[in-house]
2 protein chains.
Amino acid sequence: MSSHVEENYLKAIYKLTERNKDGAYTNDIAYELNIKPATVTEAIKKLGEKGLIHYEKYKAVTLTELGKQIAIKTIRKHRLWEVFLVEKLGFKWDEIHPMAEELEHIGFEELTERLAQFLGNPEFDPHGDPIPDRDGNFAKTKSIKLTGVSLNGTAVMTGIENHTTSFLQHLDKIGIKLGISITVKEIVDFDKSMLISVNGEKEVYLSQEIASNILCK
Amino acid sequence: MSSHVEENYLKAIYKLTERNKDGAYTNDIAYELNIKPATVTEAIKKLGEKGLIHYEKYKAVTLTELGKQIAIKTIRKHRLWEVFLVEKLGFKWDEIHPMAEELEHIGFEELTERLAQFLGNPEFDPHGDPIPDRDGNFAKTKSIKLTGVSLNGTAVMTGIENHTTSFLQHLDKIGIKLGISITVKEIVDFDKSMLISVNGEKEVYLSQEIASNILCK
DNA sequence: TTTAATTTTTAGGTTTGCCTAAAAATATTT
DNA sequence: AAATATTTTTAGGCAAACCTAAAAATTAAA
């Protein structure tokens, strides 16, 4: 199995296991990777034999220590390249994912570490997601959803829970970006949408769906 | 055929056609790509059908305009990344080839162009090879081999004809790098090796083999 | 607790990009 | 121009990574 494909499976399993403690299900992995479940069954059997995941028929899979290391390294590479694309090449945060998705598979330890150094060993990527260090440790961040901020409370925007282009572009349009301060001016009783002010200026309504995908501290 | 594989074939054919005007032979392509001739036959048939090369059974192949464009774009990407690796990440010129060999296949036009801009639109890579511009035009360079410099003549080192690690490391050791000035102090009658002085200082003997792989102007 | 629905796996196929061995074509010698 | 050598192609195979359709196992519902 090519390391490119392998890394994608491990990354998907890592992501799903974050959400679902007992592991990643065949169907979910397939959905995540845009392939069919039958293909996933084949693949996870092999990953099991390679010692990268714990595989038992009909059960959710989990990563072994080795598999987890590889997944985290891939995430590290992905997020470092995202920083590069934004900080050095001037891309916007909604443009970088597909490029990072390819760059993350370039596998030279020395390249990754020099890139990190060149970027000033950043701890967060342009979406506010933590970048694991070379040993695989993530900076601890205890953020809350914007929906958890009480009326008249103020919070600093630190991240997002949804990474789709449309969501990112919408945040751009209303002026929400990392580090900005958000004050909750009103919570509409009817649908729990909220009126917020961005950096004490612009006021906009956010649906609960949007607010619940914005992370703050 | 994956663009990764396709680009490698086109690059190999481009390189071979540079050397051998009538085109690239099956055997040579196979040697260049470290695969077997039978595999090449299969591949070039497909590349022919795709309109990327001119293919006729038992004949050397040449690139079509389209095939040439893709080859040159790949070379552009390769050399830009090499500049990045040396100028920004501090790698040495003998370390970068394998990394650039992977980075070159990342195919986002916008990424390439922003990278080029970030690097200051360099015209030459760390080995002195010209970087084609976005339209595929190479800076014209009329360099000569160091073996063509006459006794007591001085020339500026501008490139190399051999890109092996061992050659690059040897040049490093004796202090030869791009831009350095070389004076021919002596040409040994017996084997045509030459005594040179590097930047008017250090004197070393170079075999004819080495001298013929050093380009100057 | 039996039936129904869902999920996972198996079985059998396809394409891609590689391989070896042998046949066919081309090129080189004698 | 024959014979020999070299090069290229054909033929048949293999593993990876995907697929569909059907069978088996598990989970949920009646």
Got more than 12 heavy atoms from elsewhere within 6.0 Å of CZ, B/F167?
yes
From C-beta outward on B/K45, which listed nucleotide comes closest to its side chain: C/dG17, D/dT10, C/dT8?
D/dT10
A/P37 has its side chain closest, among C/dT7, C/dT9, D/dC18, to C/dT9
Taking A/E32 first and then A/K11, would you say they form a salt bridge - that is, a charged N and a carboxylate O separated by under 4.0 Å?
no
From C-beta outward on A/Y25, which listed nucleotide comes closest to its side chain: D/dT8, C/dC19, C/dT8?
C/dT8
Kindly assign one of parallel, tilted or perpendicular to the pair A/H105 and A/H4, based on the angle between their ring planes and the thresholds 30° and 60°.
tilted
Closest to the side chain of B/A38, out of C/dT8, D/dA11, C/dC18, is D/dA11
Shortest side-chain distance from B/K36, nucleotide among C/dC19, C/dT9, C/dT8
C/dC19
B/E42 CD to C/dC18 P, in whole Å, measures 9 Å
Report yes if a side-chain nitrogen or oxygen of B/K57 is closer than 4.0 Å to either non-bridging phosphate oxygen (OP1 or OP2) of D/dT10; otherwise report no.
yes
When you measure from the side-chain N and O atoms of A/S2 to the phosphate of D/dA16, is any distance below 4.0 Å, counting only OP1 and OP2?
no
Classify B/T41 by what it touches in the nucleic acid, base, sugar-phosphate, or nothing, heavy-atom distance under 4.0 Å.
base
Nearest whole Å is fine: how far is D/dA16 C1' from A/L47 CG?
13 Å
Respond yes when some side-chain nitrogen or oxygen of A/Y9 is under 4.0 Å from OP1 or OP2 of D/dC18, and no when none is.
yes
Round to a whole Å and report the spacing from CD1 of B/I35 to C1' of C/dT16.
13 Å
Under 4.0 Å, heavy atoms only, any strand: does A/T39 hit a base, just the sugar-phosphate, or nothing?
base
When the distance from CG of A/N20 to C1' of C/dT7 is rounded to whole Å, what number comes out?
14 Å
Donor + acceptor pair across side chains of A/D94, A/Q169 (<3.5 Å)
yes
Would you call the rings of A/F118 and B/F84 parallel, tilted or perpendicular, where under 30° means parallel and over 60° means perpendicular?
perpendicular
In terms of side-chain heavy atoms of B/N27, which of D/dT7, D/dG12, C/dT8 is nearest?
D/dT7
Nearest of C/dT9, C/dG17, D/dT9 to any side-chain atom of A/Y58?
C/dT9
